[in-house]
Amino acid sequence: MKLSVRHMLTTSKILMVVAGIFLLNVSRAEAQQQASAPKPAYKAPRAPDGHPDLGGYWQAMGTANWDIEAHASKPSPVVVMGALGAIPAGLGVVEGGPLPYKPEALAKKKENEANWLARDPVVKCYIPGIPRATYMPFPFQIVQSSDYVLFAYEFDDRTRIVDMRTKDEAALDSWMGWSRGRWEGETFVVDVTGFNDSTWFDSAGNFHSDALHVVERYTAIDANTLQYEATIEDPNVFTRPWKMSMPLYRRLDTNMQLLDFNCVPYAEELMYGHLRRRDTSN
Amino acid sequence: MNYRQLAMVLGITAVLGASGSGTAYSQGTAGTPYWKTVEIGRSHPRKSSNPNPIPRAKDGKPNMEGVWTYHINTPVSPTNAMYVAEEDAAVQQKRGQQERIATRIEVTVTPPGEKTTDAYNTFWRDGFWDPIPITTLRTSRIVDPADGRTPALTPKNEALRADQSRHDSRPAWGPEDRSAWTRCFRGQSSGPPYAGGVYNTDIQIIQNPKYVAFVEEMNDDASIVPLDNRPRPNVKLWRGSSRGWWEGDTFIVETMGYLPQSVTTLGGGGTGAAANSDKLHVVERYTMIAADRLLYTYSVEDPEMYVKPWTAEMALARMPQNFMPEYACHEGNKSLEYLLTGARANDNKVYVPADAPVAPVRDRNAFGDAEGEAE
């Protein structure tokens with residue numbers, strides 16, 4: 001009896017060690033897979049022009065919209081919302097942290113975070129910009145043709161049209177930027193320039209200047225998942241380019257379509273309520 | 001789409017059309033939806049000078065991709081005659097452009113109590129840099145009823161328009177006194193359908209065999225029309241839910257499920273207001289008649305708002321550029337902030353002399369503004 005118990009303990013210890021090594025290897029392999037560009041073992045169905053067909057309804061899971069870096073959960077800033085308004089934790093989507101801020105830019109990031117509700121552009125329903133539109137907690141739709149790829153985001157009912165042919169530079173700065181697309185094998189690459197300095201990466205105060213340059217890469221890794229990568233370059237704010245990556249999941253809901261999130265009305269009281277007439281007796 | 005699916009779509013459409021509009025209201029004969037009783041091409045589209053053939057997509061359908069303007073120099077209701085001659089159309093188009101250029105850009109100093117002359121932004125408007133085309137020889141966009149005029153409004157529509165106009169013209173008590181356009185919920189001419197407006201009156205079309213997308217420049221709104229006739233959601237939307245199909249070379253879009261007062265392009269009392277009900281039912285037909293002309297026929301049924309259905313038609317003109325600049329209305333909406341600030345100053349009888357320097361209104365933002373305090 002004693003012997004068998006000891007034997008069992010030993011066996012379970014060995015099993016635990018083996019399992020540990022196995023898990024370690026798996027996580028190491030996963031980390032390696034995440035760090036390098038996804039291997040396009042999967043071939044997406046083809047569009048009429050022979051390129052991968054990435055059309056459909058997509059949505060990021062996770063909490064990058066709250067903070068693109070790893071973060072613990074936080075209480076709601078709005079008391080009446082209680083637990084419903086609390087901010088969920090996240091593993092972070094930035095590859096190899098921390099974000100390479102220049103010292104003065106890091107100070108501004110911290111100041112932004114401290115004044116989050118007053119400064120986060122999305123609180124006022126301002127256009128979220130790229131890449132943030134991708135991982136707002138709302139679906140978006142891709143409509144793809146040979147010459148144009150339309151991204152329609154449910155948040156703010158906002159669109160962005162990627163031009164597959166133009167060599168022109170951005171004619172003017174904008175919130176969503178100037179998107180030029182190309183195919184690199186199985187990967188849809190979008191080069192985005194011409195940004196203004198008014199959007200953020202998340203609700204944690206991570207920001208950029210109008211020198212922002214984003215290169216996005218969308219690769220189908222199975223029928224219902226896109227691997228998304230965005231390389232961020234902004235010499236005014238960061239000391240080097242950095243990369244974020246996350247999966248985007250296909251929304252498989254029956255009769256899926258985008259609905260409205262025309263949020264301008266929802267920011268009106270916040271922005272203009274103090275200018276309402278107090279005496280409405282006449 | 002194969003013929004069987006098409007037949008199914010048409011069958012379902014016929015049923016929806018028949019059940020959606022009461023017999024007293026619908027102009028169609030029994031079982032025929034109203035829009036099918038109005039043939040396309042009644043507006044006498046002018047011949048295009050563009051010699052190129054109609055572009056075709058890989059699936060053989062007309063390729064409508066590109067940027068199109070729906071600002072057409074044809075009034076909604078007829079002037080004197082129902083048609084103009086081809087020569088007169090060319091002369092009128094040129095004269096319209098001249099008139100717009102002649103309206104100089106002036107600094108508008110509006111005396112208290114008077115309305116602005118509205119000349120300050122002439123150069124933004126369609127027609128200042130390029131002529132607004134006259135693409136049809138009819139002098140009215142409305143091709144049904146035959147008199148070219150919008151059918152009578154219902155008492156409910158008239159009351160709503162009067163109410164919205166009254167609120168729009170008084171010093172605003174709050175944002176609710178202004179239209180969906182002024183508040184940046186919608187553009188000034190947001191559809192579907194598409195018609196009129198003064199600027200940013202462009203749509204960009206992107207199509208593939210499964211979807212046709214219509215993106216409006218003003219307020220950056222998109223109608224993405226699936227071709228698989230999936231059921232509509234039980235949710236009212238600002239743009240309604242659109243479903244589409246090809247009939248030969250004509251692309252048909254049927255839209256319903258609108259929010260009430262969401263379609264500013266149909267007018268509604270007050271600038272940029274809307275007076276549609278949630279019963280609004282729109283059928284649009286797009287037919288490429290030249291490489292740079294898209295014949296556009298739209299039928300409007302809204303039994304709560306018009307005494308009978310009506311149909312308008314015009315030819316959209318292809319724009320020379322292949323992109324639309326970003327339209328960010330809400331992000332720069334100083335108009336609403338200033339008009340409310342002015343109205344509150346009026347409440348307190350604080351009259352500002354015309355030559356007073358502009359006050360830094362921004363500092364008064366109770367919600368705090370990033371630029372105001374940080375830099």
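Chain letters run A, B, ... following the sequence lines, proteins first, then strands; residues in each count from 1. From a predicted model like this one, the values you see are computed outputs, not experimental measurements.
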Minimum side-chain heavy-atom gap B/Leu336-A/Met271 below 4.5 Å
no
B/Glu65 side chain near A/Ser145 side chain, heavy-atom distance below 4.5 Å
yes
Contacting region of B/Pro209 [heavy-atom separation from chain A under 4.5 Å]:
side chain
Among residues at least two apart in sequence or on other chains, which ones pass side chain to side chain contact (heavy atoms under 4.5 Å, CB included) with B/Ser277?
B/Lys279, B/Asp302, B/Glu304, B/Met305
So CD1 of A/Ile161 and CG of B/Asn322: to nearest 0.5 Å the spacing works out to 10.5 Å
Where on A/Cys263 is there a heavy atom nearer than 4.5 Å to chain B: the side chain, the backbone, both, or neither?
neither
Ranked by heavy-atom pairs below 4.5 Å to chain A, first place among B/Met324, B/Gln207, B/Lys236, B/Glu176 goes to B/Glu176
B/Phe323 versus chain A, heavy atoms under 4.5 Å apart: side chain, backbone, both or neither?
side chain
Around atom CG of B/Asn234, are there more than 12 heavy atoms of other residues, nucleotides or ligands at under 6.0 Å?
no
Could you tell me which portion of B/Leu237 (side chain, backbone, both or neither) has an atom closer than 4.5 angstrom to a non-hydrogen atom of chain A?
both
I need the residue from B/Asn208, B/Val212, B/Asp220, B/Leu340 with the largest number of non-hydrogen atom pairs under 4.5 Å to chain A.
B/Asp220
I need the minimum non-hydrogen distance between A/Leu275 and B/Glu337, along with the two atoms involved.
CD1-O, 3.6 Å
Which residue pairs pass the side chain to side chain donor-acceptor pair (under 3.5 Å) test with at least one member in residues 44-55 of chain A, sequence neighbours excluded?
A/Arg46-A/Glu186, A/Asp49-A/Ser146, A/Asp53-B/Lys210
Other residues, nucleotides and ligands only: do more than 12 of their heavy atoms fall within 6.0 Å of NZ on A/Lys110?
no
Find out whether A/Gln257 and B/Arg243 are in side-chain contact, i.e. whether some heavy atom of one side chain is under 4.5 Å from a heavy atom of the other.
yes
Considering only heavy atoms and a distance below 4.5 Å, find which of A/Ala152, A/Pro265, A/Ala267, A/Pro48 pairs most often with chain B.
A/Pro265
Among A/Arg160, A/Gln144, A/Arg165, A/Glu269, residue most engaged with chain B (heavy-atom pairs, under 4.5 Å)
A/Gln144
Rounded to the nearest 0.5 Å, what separation is found between the CG atom of A/Leu258 and the OG atom of B/Ser223?
11.0 Å
Interatomic distance, B/Phe185 atom CZ to A/Tyr266 atom OH [nearest 0.5 angstrom]:
9.5 Å
Please identify, among A/Asp260, A/Asn112, A/Thr166, the residue contributing the most non-hydrogen atom pairs under 4.5 Å to chain B.
A/Asp260
Please round to the nearest 0.5 Å and tell me the distance separating atom CZ of B/Arg183 and atom CD of A/Glu268.
4.0 Å
Between atom OG1 of A/Thr254 and atom CZ of B/Arg230, what is the distance when rounded to the nearest 0.5 Å?
11.0 Å
Counting distance only, does the side-chain N/O of A/Asp157 pair as donor-acceptor with the main-chain N or O of B/Asp221 below 3.5 Å?
no
Nearest 0.5 Å please: distance from the CD atom of B/Glu331 over to the OG1 atom of A/Thr199.
11.0 Å
Comparing B/Pro233, B/Cys329, B/Ala180, B/Ala172 against chain A, the one with the most heavy-atom pairs below 4.5 Å turns out to be B/Pro233
Taking the side chain as every heavy atom from C-beta outward, state whether A/Tyr272 and B/Asn333 have any pair of such atoms under 4.5 Å apart.
yes
Flag, side chain of B/His330 to backbone of A/Lys124, donor-acceptor distance under 3.5 Å:
yes
